[in-house]
Engineer: 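If you scroll down you'll find the structure; I have some questions about it.
It should be emphasised that the depicted structure is a prediction, and the values quoted were computed from it without experimental measurement. Counting from 1, the numbers follow the sequence of the chain as shown. Below, each value reflects all heavy atoms present in this structure, side chains not excepted, and no hydrogens, waters or symmetry copies.
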Amino acid sequence: MKLHLYLVRHGQTYFNRYNRLQGWSNSPLTEQGLADAGRAADKLAGIQFAAAYCSDTTRAEQTARTILEVNEQHGHARPKLVADMHFREQYYGYFEGQDMSASWWAAGAPHGTGTYQAIVSQYGLAATRDFLKQADPFHDAESDEEYWNRIEGGYRLIASNPALRDGDSVLQISHGNTLLSLMHRFAPDGYDLSERPGNGSVTQLDFDTEAPFNTALSVISYNQ
């Protein structure tokens, strides 16, 4: 079965505005963030969603509800919104809520790299998670393996939905680093991945629910 996934990055939050790592922390949408969600809703107003998923965070649920409300106003049946921890952003542990630049310096400096992009360029994106876990004095931050085990659980949840049929469209509210991680894993070439997906942007993926996860996702468009 092939599903058409519409992944939307949640609207801007106060932590986004203040350049802080957000992860599993809750931070409400700003006025700009509400506008981001509304803009995404307008883009997707013509699509009938057979299912809708988001992380169990305020920012994701607010964004999802906005999109589904507008979608319903355009005459589409409104699917039940499933909020689940498997769709959360990467967990930053001790660094949750801390300044983004300072956190990535703490993670990368022991390895000769002082920024997120420098870690990615020299060691690959997986290292950003493993280095941050090493730098976390409690080692609570997710490692790359822990992160992907959780994310894959979210896609198993979608695939197991008995109401879905081949060709259905599915709404999924996602997060910045998660979208980047999916792009690095499933479409490392042909896209400018130095640019983070914008708040309220739409990324389209096709999901083959019967394929092994390593080959299950195909990128149709990014950061639109």
Engineer: Is any side-chain heavy atom of Leu21 closer than 4.5 Å to a side-chain heavy atom of Gln98?
Structural biologist: no
Engineer: Tell me the side-chain hydrogen bond (donor to acceptor under 3.5 Å, both in side chains) pairs involving residues 20-30, sequence neighbours left out?
Structural biologist: Gln12-Thr30, Thr13-Gln22, Ser25-Glu96, Asn26-Thr58
Engineer: How would you list, by chain and number, every residue that makes a side-chain hydrogen bond (donor to acceptor under 3.5 Å, both in side chains) with Tyr91, sequence neighbours excluded?
Structural biologist: none
Engineer: Taking Thr178 for its side chain and His175 for its backbone only, find out whether a donor-acceptor pair lies under 3.5 Å.
Structural biologist: no
Engineer: Under the salt bridge (charged side-chain N to carboxylate O under 4.0 Å, His left out) test, which residues partner Arg17, sequence neighbours left out?
Structural biologist: none
Engineer: What class does the angle between the rings of Trp148 and Phe213 fall in, given that below 30° is parallel, 30 to 60° is tilted and above 60° is perpendicular?
Structural biologist: tilted
Engineer: What residues, two or more places apart in sequence or in another chain, satisfy ring-ring contact (aromatic ring centres under 6.0 Å, His included) together with Tyr92?
Structural biologist: none
Engineer: Give a yes or no on whether Val70 and Leu68 share a hydrophobic cluster (residues Ile, Leu, Val, Met, Phe, Trp, Tyr; joining criterion: side-chain heavy atoms under 4.5 Å apart).
Structural biologist: no
Engineer: Which residues pass the salt bridge (charged side-chain N to carboxylate O under 4.0 Å, His left out) test with Arg156, sequence neighbours left out?
Structural biologist: none
Engineer: Can you give me the closest heavy-atom contact between Pro110 and Ala107, atom names plus distance?
Structural biologist: CD-O, 3.6 Å
Engineer: According to ring-ring contact (aromatic ring centres under 6.0 Å, His included), who are the partners of Tyr14, at least two apart in sequence or on a separate chain?
Structural biologist: none
Engineer: Please lay out, stage by stage, how Val219 and Tyr191 fare under the test side chain to side chain contact (heavy atoms under 4.5 Å, CB included).
Structural biologist: CA-CA 10 Å; Val219 178; Tyr191 295 90; 3.5 Å; yes
Engineer: Kindly give the heavy-atom pair with the smallest separation between Gly198 and Asn223, and that separation in Å.
Structural biologist: N-OD1, 2.8 Å
Engineer: Can you check side chain to side chain contact (heavy atoms under 4.5 Å, CB included) on Arg59 and Glu89, steps first, answer last?
Structural biologist: CA-CA 11 Å; Arg59 60 193 185 275; Glu89 177 63 289; 3.9 Å; yes
Engineer: Check this for me: Tyr94, atom OH, are more than 12 non-hydrogen atoms of other residues, nucleotides or ligands nearer than 6.0 Å?
Structural biologist: no
Engineer: Are the side chains of Pro197 and Leu180 in contact, using a 4.5 Å heavy-atom criterion?
Structural biologist: yes
Engineer: State yes or no: do Met183 and Val202 share one hydrophobic cluster built from I, L, V, M, F, W and Y residues joined by side-chain heavy-atom distances below 4.5 Å, directly or via other members?
Structural biologist: no
Engineer: Going by side-chain hydrogen bond (donor to acceptor under 3.5 Å, both in side chains), name the pairs with one or both residues in residues 103-128, residues two or more places apart or in two chains.
Structural biologist: His111-Gln134
Engineer: Can you tell me how far CD1 of Ile158 sits from CG of Leu5, rounded to the nearest 0.5 angstrom?
Structural biologist: 5.5 Å
Engineer: Check whether Val82 and Leu44 end up in the same hydrophobic cluster, where Ile, Leu, Val, Met, Phe, Trp and Tyr are linked by side-chain heavy atoms less than 4.5 Å apart.
Structural biologist: no
Engineer: Looking at every non-hydrogen atom in both residues, tell me the closest pair between Ala187 and Leu193 and how far apart they are.
Structural biologist: O-CD1, 4.0 Å
Engineer: Distance from His86 atom NE2 to Asn149 atom CG, nearest 0.5 Å?
Structural biologist: 9.5 Å
Engineer: How close do Asp56 and Met85 get, heavy atom to heavy atom, and via which atoms?
Structural biologist: OD1-CA, 3.5 Å
Engineer: Over all heavy atoms of both residues, which pair between Ala52 and Pro79 is shortest? Give the atoms and the distance, please.
Structural biologist: CB-CG, 4.1 Å
Engineer: Using atom types as modelled and distance alone, determine if a side-chain donor or acceptor of Asp136 lies under 3.5 Å from a backbone N or O of Ala141.
Structural biologist: yes
Engineer: For Phe207, give me all partners under ring-ring contact (aromatic ring centres under 6.0 Å, His included), at least two apart in sequence or on another chain.
Structural biologist: Tyr155
Engineer: Does the salt bridge (Lys or Arg N to Asp or Glu O under 4.0 Å) test come out yes or no for Asp36 and Arg39, once each step is laid out?
Structural biologist: CA-CA 5 Å; Asp36 294 334; Arg39 188 173 63 253; 3.2 Å; yes
Engineer: Give every residue pair that meets the salt bridge (Lys or Arg N to Asp or Glu O under 4.0 Å) criterion with at least one member in residues 188-207, sequence neighbours excluded.
Structural biologist: none
Engineer: Say whether Leu157 and Val170 are linked into one hydrophobic cluster, either directly or through other cluster members, by side-chain heavy-atom distances under 4.5 angstrom.
Structural biologist: yes
Engineer: Would a distance-only check, ignoring hydrogens and angles, find a side-chain to backbone donor-acceptor pair under 3.5 Å from Gln172 to Leu7?
Structural biologist: no
Engineer: Is the shortest side-chain heavy-atom distance between Ile47 and Leu171 below 4.5 Å?
Structural biologist: no
Engineer: CG of Asp144 to CG of Leu132: how many Å apart, nearest 0.5 Å?
Structural biologist: 12.0 Å
Engineer: Identify the heavy atoms of Ala83 and Ser55 that sit nearest to each other, and give their distance.
Structural biologist: CB-O, 4.1 Å
Engineer: Between Asn16 and His10, does the side chain to side chain contact (heavy atoms under 4.5 Å, CB included) criterion hold? Intermediate values first, please.
Structural biologist: CA-CA 11 Å; Asn16 290 151; His10 60 79; 3.3 Å; yes
Engineer: Who pairs with Glu145 by salt bridge (charged side-chain N to carboxylate O under 4.0 Å, His left out), at least two apart in sequence or on another chain?
Structural biologist: none
Engineer: Do Leu81 and Leu3 land in one hydrophobic cluster if side-chain heavy atoms of ILVMFWY residues count as linked below 4.5 Å?
Structural biologist: no
Engineer: If I take atom CD from residue Glu210 and atom CE from residue Met1, how far apart are they, to the nearest 0.5 angstrom?
Structural biologist: 7.5 Å
Engineer: Please tell me if the side chains of Arg88 and Arg150 come closer than 4.5 Å, counting only heavy atoms from C-beta onward.
Structural biologist: yes
Engineer: Between Asp130 and Lys133, is the closest basic N to carboxylate O distance under 4.0 Å?
Structural biologist: no
Engineer: I'd like to check the salt bridge (charged side-chain N to carboxylate O under 4.0 Å, His left out) partners of Glu152; sequence neighbours left out, ordered by chain and number.
Structural biologist: Arg185
Engineer: Run Gln224 and Gln204 through side chain to side chain contact (heavy atoms under 4.5 Å, CB included) and show every step you take.
Structural biologist: CA-CA 9 Å; Gln224 299 298 304; Gln204 294 184 48; 5.8 Å; no
Engineer: In the structure I gave you, are the side-chain heavy atoms of Leu182 and Thr203 within less than 4.5 Å of one another anywhere?
Structural biologist: no
Engineer: Indicate whether any N or O donor in one side chain lies under 3.5 Å from an N or O acceptor in the other, for Tyr222 and Ser201.
Structural biologist: no
Engineer: Determine which pairs satisfy side-chain hydrogen bond (donor to acceptor under 3.5 Å, both in side chains) with at least one residue from residues 61-75, sequence neighbours left out, and list them in order.
Structural biologist: Glu72-Arg78
Engineer: CD of Gln48 to NE2 of His76: how many Å apart, nearest 0.5 Å?
Structural biologist: 6.0 Å
Engineer: Hey, does Ser218 have a side-chain heavy atom less than 4.5 Å from the side chain of Lys2?
Structural biologist: no
Engineer: Between atom OH of Tyr6 and atom NZ of Lys43, what is the distance when rounded to the nearest 0.5 Å?
Structural biologist: 13.0 Å
Engineer: Under 4.5 Å between any side-chain heavy atoms of Ile173 and Ile67, yes or no?
Structural biologist: yes
Engineer: Assign the ring pair Tyr53 / Phe87 to parallel, tilted or perpendicular, where the plane angle (0 to 90°) is split at 30° and 60°.
Structural biologist: tilted
